[in-house]
Number of protein chains: 2
Amino acid sequence: MHNTKDAGDRLREAGIRVTTPRVIIYDYLLKHRTHPTCDEIYTDIKAGNPSLSLASVYNVTEKLVDHDLIIRIVSPDGERHYDAVTKFHAHFFCGKCGKIFDVSCDHDTEQLIDLPGAVVNSISVSAYGECPECASEVDP
Amino acid sequence: MHNTKDAGDRLREAGIRVTTPRVIIYDYLLKHRTHPTCDEIYTDIKAGNPSLSLASVYNVTEKLVDHDLIIRIVSPDGERHYDAVTKFHAHFFCGKCGKIFDVSCDHDTEQLIDLPGAVVNSISVSAYGECPECASEVDP
DNA sequence: ATTTGTTTTAGAATTATTTTAAATAAAAAC
DNA sequence: GTTTTTATTTAAAATAATTCTAAAACAAAT
């Protein structure tokens with residue numbers, strides 16, 4: 001029993017071409033839930049795929065975002081991170097270790113935004129601080 | 001009756017030096033609630049202050065953020081905007097006209113983040129879509 | 001007024017991202 | 001199954017945003 005669709009299937013369903021770089025990058029994102037940046041993705045996959053360029057990583061992630069296959073999350077300092085989990089959830093950015101944590105967010109997000117007449121396409125909730133691990137560490 | 005503190009007073013209260021660039025930039029932000037980027041601030045003030053450099057705008061805004069005199073808001077595409085209104089509020093980014101709107105957010109923001117053990121320093125709630133004005137426009 | 005320590009400046013450097021035009025690969029047509 | 005069409009990838013150069021650096025300018029304390 002494998003109910004998991006692979007990267008190729010998902011690309012096909014989205015109606016965009018199934019190319020090697022897309023499969024590699026999307027597959028990487030589906031398997032690594034670390035919210036990597038383009039640079040991190042590139043660093044990790046280039047060993048196994050030397051012909052793939054950083055520019056392609058930028059292009060492919062952008063394309064995947066356009067088709068709602070992945071989401072882009074912007075860190076407080078403006079870095080762009082990518083996440084293959086598209087269901088709405090909040091993010092917690094640890095200022096100490098730099099990790100990004102997924103946080104469930106059960107709120108009725110619609111009611112968060114009170115701007116009559118506006119069409120809300122998406123909402124992002126982010127928190128900044130110290131993650132549980134860093135917060136429990138002894139001070140130096 | 002003028003109950004508004006000026007930029008100089010606020011800098012002094014924050015315990016940092018009152019310098020000309022800081023006063024100019026902070027004053028600009030107090031008077032313009034348009035959530036400008038460093039570049040926009042620079043473009044607007046350089047006519048009246050030719051000696052002031054873009055690098056100074058970056059340095060000063062960063063300093064003001066450090067001392068909680070202004071807040072930094074990061075747009076969905078990673079641009080950094082600055083806002084002299086530090087009281088918590090949500091932001092709405094219009095994808096059509098590019099404007100940023102302030103949205104009141106009465107929610108108990110603490111309860112938005114469910115990550116036991118974490119120290120939450122700040123929370124940001126952002127929405128993306130079309131602003132009331134753009135949404136009501138006829139399609140071309 | 002002089003000193004002291006900090007801040008600002010201009011320009012260079014860096015980083016992140018985008019663009020370009022040529023090369024390539026996928027899907028469609030034959 | 002080969003050709004044609006069209007979308008995509010590549011590499012390199014270009015652009016944009018931000019940071020760094022060392023010298024000059026300045027504010028506060030003496």
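Within every chain, numbering begins at 1; the chains are lettered A, B, ... in the order of the sequence lines, protein sequences first and strands thereafter.
A heavy-atom distance below 4.5 Å is not found between the side chains of B:Asp83 and B:Ile70. At least one side-chain heavy atom of B:Val120 sits less than 4.5 Å from a side-chain heavy atom of A:Phe92.
Rounded to a whole Å, the NZ atom of A:Lys46 is 15 Å from the C1' atom of D:dA11. Atom P of nucleotide C:dT15 and atom CG of A:Asp77 are separated by 14 Å, given to the nearest angstrom. Spacing between atom CG of A:Asp66 and atom C1' of C:dT18 amounts to 14 Å, rounded to whole angstrom units. Taking atom OH on B:Tyr42 and atom C1' on D:dT18, their separation rounds to 15 Å, with Å as the unit. With rounding to whole Å, B:Asn49 atom CG is found 14 Å from C:dT8 atom P. Distance NE2 (B:His81) to P (D:dA17): 10 Å, rounded to an integer number of Å. To the nearest angstrom, P of C:dA16 lies 6 Å from CG of A:Asp39. Atom-to-atom, CG of A:Leu64 to P of D:dA7 comes out at 18 Å; the value is rounded to the nearest Å.
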Stepwise side-chain contact (heavy atoms from CB on, under 4.5 Å) check, A:Glu62 with A:Tyr82: CA-CA 10 Å; A:Glu62 209 51 31; A:Tyr82 296 91; 3.7 Å; yes

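Here A:Arg22 does not reach the OP1 or OP2 of C:dA25: none of its side-chain N or O atoms lies under 4.0 Å away. Of the side-chain N and O atoms in A:Thr19, one or more sit less than 4.0 angstrom from OP1 or OP2 of D:dT9. Using a 4.0 Å cut-off, some side-chain N or O of A:Tyr58 falls inside it from OP1 or OP2 of C:dT17.
Each of B:Leu54 and B:Ile16 has a nearest nucleotide on DNA chain D; the 5'-most of these lies closest to B:Leu54. Comparing B:Thr20 and B:Asn59 by the nucleotide of DNA chain D that holds the closest heavy atom to each, the one mapping nearer the 5' end is B:Asn59.
Of the candidate nucleotides D:dT8, C:dT7, C:dA10, C:dA10 has the atom lying nearest to any side-chain atom of B:Ala55. Side-chain proximity of B:Arg17 to C:dT8, D:dT19, D:dA27: nearest is D:dA27.
In this structure, A:Asn49 contributes its side chain and A:Ser51 its backbone to no donor-acceptor pair below 3.5 Å.
When the salt bridge (charged side-chain N to carboxylate O under 4.0 Å, His left out) test is applied to B:Arg80, no partner is found at least two apart in sequence or on another chain.
Using a 4.0 Å heavy-atom distance criterion, B:Ser51 is classed as a sugar-phosphate-only contact.
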